[in-house]
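We name chains A, B, ... by the order of the sequence lines, and we start the count at 1 in each one.
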Amino acid sequence: MSRNPLTAGQPLREFLSGDARQLAPLLLGAVLTHDSRDGAVSVRLTEVEAYLGPEDSLHPDPGSHTYRGPTPRNAPMFGPAGHLYVYFTYGMHHCTNIVCGPEGTASALLLRAGEIVDGVELARHRRTTSKSPADLARGPARLAKALGLTTADSGRDALAPPFGLVLPSRPAVPVSSGPRVGVSGAGGTDRYAWRFWITGDPTVSQYKPAKPRGAKPDPATFHGR
DNA sequence: CGGAAGATTCAT
DNA sequence: TGAATCTTCCGC
């Protein structure tokens with residue numbers, strides 16, 4: 001066993017049991033692999049967002065799927081760290097999270113974008129609309145599609161075959177942060193600036209504010225790359 | 001049980 | 001800028 005300075009030698013699952021907001025920048029540069037019948041695809045994460053659970057009733061996260069408590073869909077978020085939470089949205093897209101925090105709490109990291117570092121051919125086959133290599137996993141639904149993930153994978157362990165997660169030995173730099181993409185209401189504001197990305201990386205998704213529902217976004221607050 | 005909204009993407 | 005498309009969850 002080689003000791004990873006980033007985790008201070010902790011087992012990966014224990015490391016992921018920490019605070020999602022602190023883990024988020026450290027997971028930039030990590031490589032997630034999914035090995036399927038068609039082959040393996042690996043993505044190097046360049047953009048993630050932290051979402052918290054309702055356990056802190058004084059400071060709940062209004063942008064999180066777990067804001068109003070557990071449901072059948074979000075159940076994996078309450079489970080062990082290192083598992084996947086994959087959900088179906090807009091009638092056609094899947095998005096992938098890695099669960100964080102101790103079991104019983106409901107935090108996770110939404111995998112918003114990355115660079116395909118292995119299995120590019122298979123990823124291109126799954127993402128025929130992609131025009132350039134940088135577009136293969138540029139956006140959460142694109143990333144899930146490139147990896148071949150569906151709701152059938154929700155709740156499965158990302159740290160065991162057919163999946164795998166490898167952290168970088170040192171934190172990615174430089175890292176930027178800002179409001180989360182597409183989150184309406186207070187959860188999408190500076191108050192919850194829990195989107196983290198590798199500054200200047202070409203695979204980072206384009207910033208898009210949510211349609212203002214309730215709270216209106218501040219035009220002075222633009223955090224593009 | 002009806003309906004609005006959605007952690008999005010792609011084409012127009 | 002809007003359509004696609006359907007599941008989830010809130011509210012009546």
Side-chain angles (χ1 to χ4, degrees), chain A residues 20-21 23-24 27-28 32 43 45-54 60-78 83-101 106-114 116 123-155 158 177-197 203-217 221 223-225:
Chain A
R21 292 163 294 187
L23 288 168
L27 260 78
L28 297 175
L32 175 66
V43 62
L45 304 177
T46 59
E47 179 188 359
V48 301
E49 281 176 358
Y51 288 86
L52 301 189
D61 179 357
S64 176
H65 284 173
T66 56
Y67 183 55
R68 300 171 194 271
T71 67
R73 179 176 72 156
N74 68 27
M77 278 187 67
F78 291 85
H83 284 224
L84 296 170
Y85 166 48
V86 184
Y87 65 90
F88 185 62
T89 189
Y90 290 103
M92 61 186 89
H93 297 305
H94 296 274
C95 294
T96 309
N97 296 251
I98 293 178
V99 175
C100 296
S107 67
L109 294 174
L110 170 68
L111 310 184
R112 283 204 57 88
I116 303 297
R124 281 179 46 182
H125 191 70
R126 289 173 173 154
R127 293 255 314 118
T128 54
T129 55
S130 169
K131 295 201 164 58
S132 78
D135 284 338
L136 285 172
R138 190 170 185 259
R142 291 168 167 187
L143 186 151
K145 184 120 182 185
L147 285 179
L149 299 176
T150 70
T151 53
D153 298 300
S154 197
S177 64
R180 295 175 296 189
V181 175
V183 176
S184 67
T189 66
D190 273 346
R191 234 171 94 62
Y192 302 85
W194 299 341
R195 174 188 181 221
F196 299 85
W197 66 94
T203 63
V204 170
S205 71
Q206 185 175 25
Y207 179 76
K208 189 179 184 187
K211 289 183 182 168
R213 209 177 286 284
K216 51 189 171 213
T221 307
H223 293 72
R225 69 177 177 87

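When rounded to the nearest whole Å, the span between CG of Asp135(A) and P of dT8(B) equals 16 Å. Atom pair Asp61(A):CG and dA7(B):C1' shows a separation of 10 Å (rounding to whole Å applied). Atom NE2 in His65(A) sits about 15 Å away from atom P in dA5(B), given to the nearest Å. Across the protein-nucleic acid pair, Tyr67(A) atom OH and dA5(B) atom P stand 17 Å apart, rounded to whole Å. Rounded to whole Å, the distance from OH on Tyr207(A) to C1' on dT8(B) is 15 Å. The interatomic distance linking Arg142(A) (CZ) with dC10(B) (P) rounds to 4 Å, in whole Å. Residue Glu47(A) contributes atom CD, which lies 13 Å from atom C1' of dT8(B) at whole-angstrom precision. A straight line from NE2 of His93(A) to P of dA11(B) spans 11 Å, rounded to a whole angstrom.
Residues from residues 83-92 of chain A with heavy atoms under 4.0 angstrom of DNA chain B, sorted by number: Tyr87(A), Tyr90(A), Gly91(A). Residues of residues 143-153 of chain A having a heavy atom closer than 4.0 Å to DNA chain C: none are found.
For Tyr51(A), taking side-chain heavy atoms from C-beta onward, the closest of the listed nucleotides dA7(B), dT8(B), dC10(B) is dA7(B). If you check dT9(B), dA7(B), dG6(B) against the side chain of Met77(A), the one that comes closest is dA7(B).
Qualifying side chain to side chain donor-acceptor pair (under 3.5 Å) partners for Thr129(A), counting only residues two or more places apart in sequence or in other chains: Arg127(A).
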Let me have DNA chain C in dot-bracket notation, would you? Count Watson-Crick plus G-U wobble pairs, both distances under 3.5 Å, and use [ ] for pairs crossing earlier ones and | for inter-strand partners. ||||.||||||.

Would you tabulate the nitrogen or oxygen pairs shorter than 3.5 Å linking the protein to nucleotides 1-3 of chain B?
none

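The shortest distance between the side-chain N/O atoms of Arg112(A) and the OP1/OP2 oxygens of dT8(B) is below 4.0 Å.
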Hey, mind stepping through Leu52(A) and Arg21(A) against side-chain contact (heavy atoms from CB on, under 4.5 Å) and telling me if it holds? CA-CA 9 Å; Leu52(A) 301 189; Arg21(A) 292 163 294 187; 3.5 Å; yes

Could you give the side-chain donor-acceptor pairs of residues 94-101 of chain A under 3.5 Å, partners two or more places apart or in another chain?
residue, atom, partner, partner atom, Å
Asn97(A), OD1, Leu110(A), N, 3.4
Asn97(A), ND2, Tyr85(A), O, 3.2

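At the heavy-atom level, Gly63(A) lies under 4.0 Å from base atoms of the strands shown.
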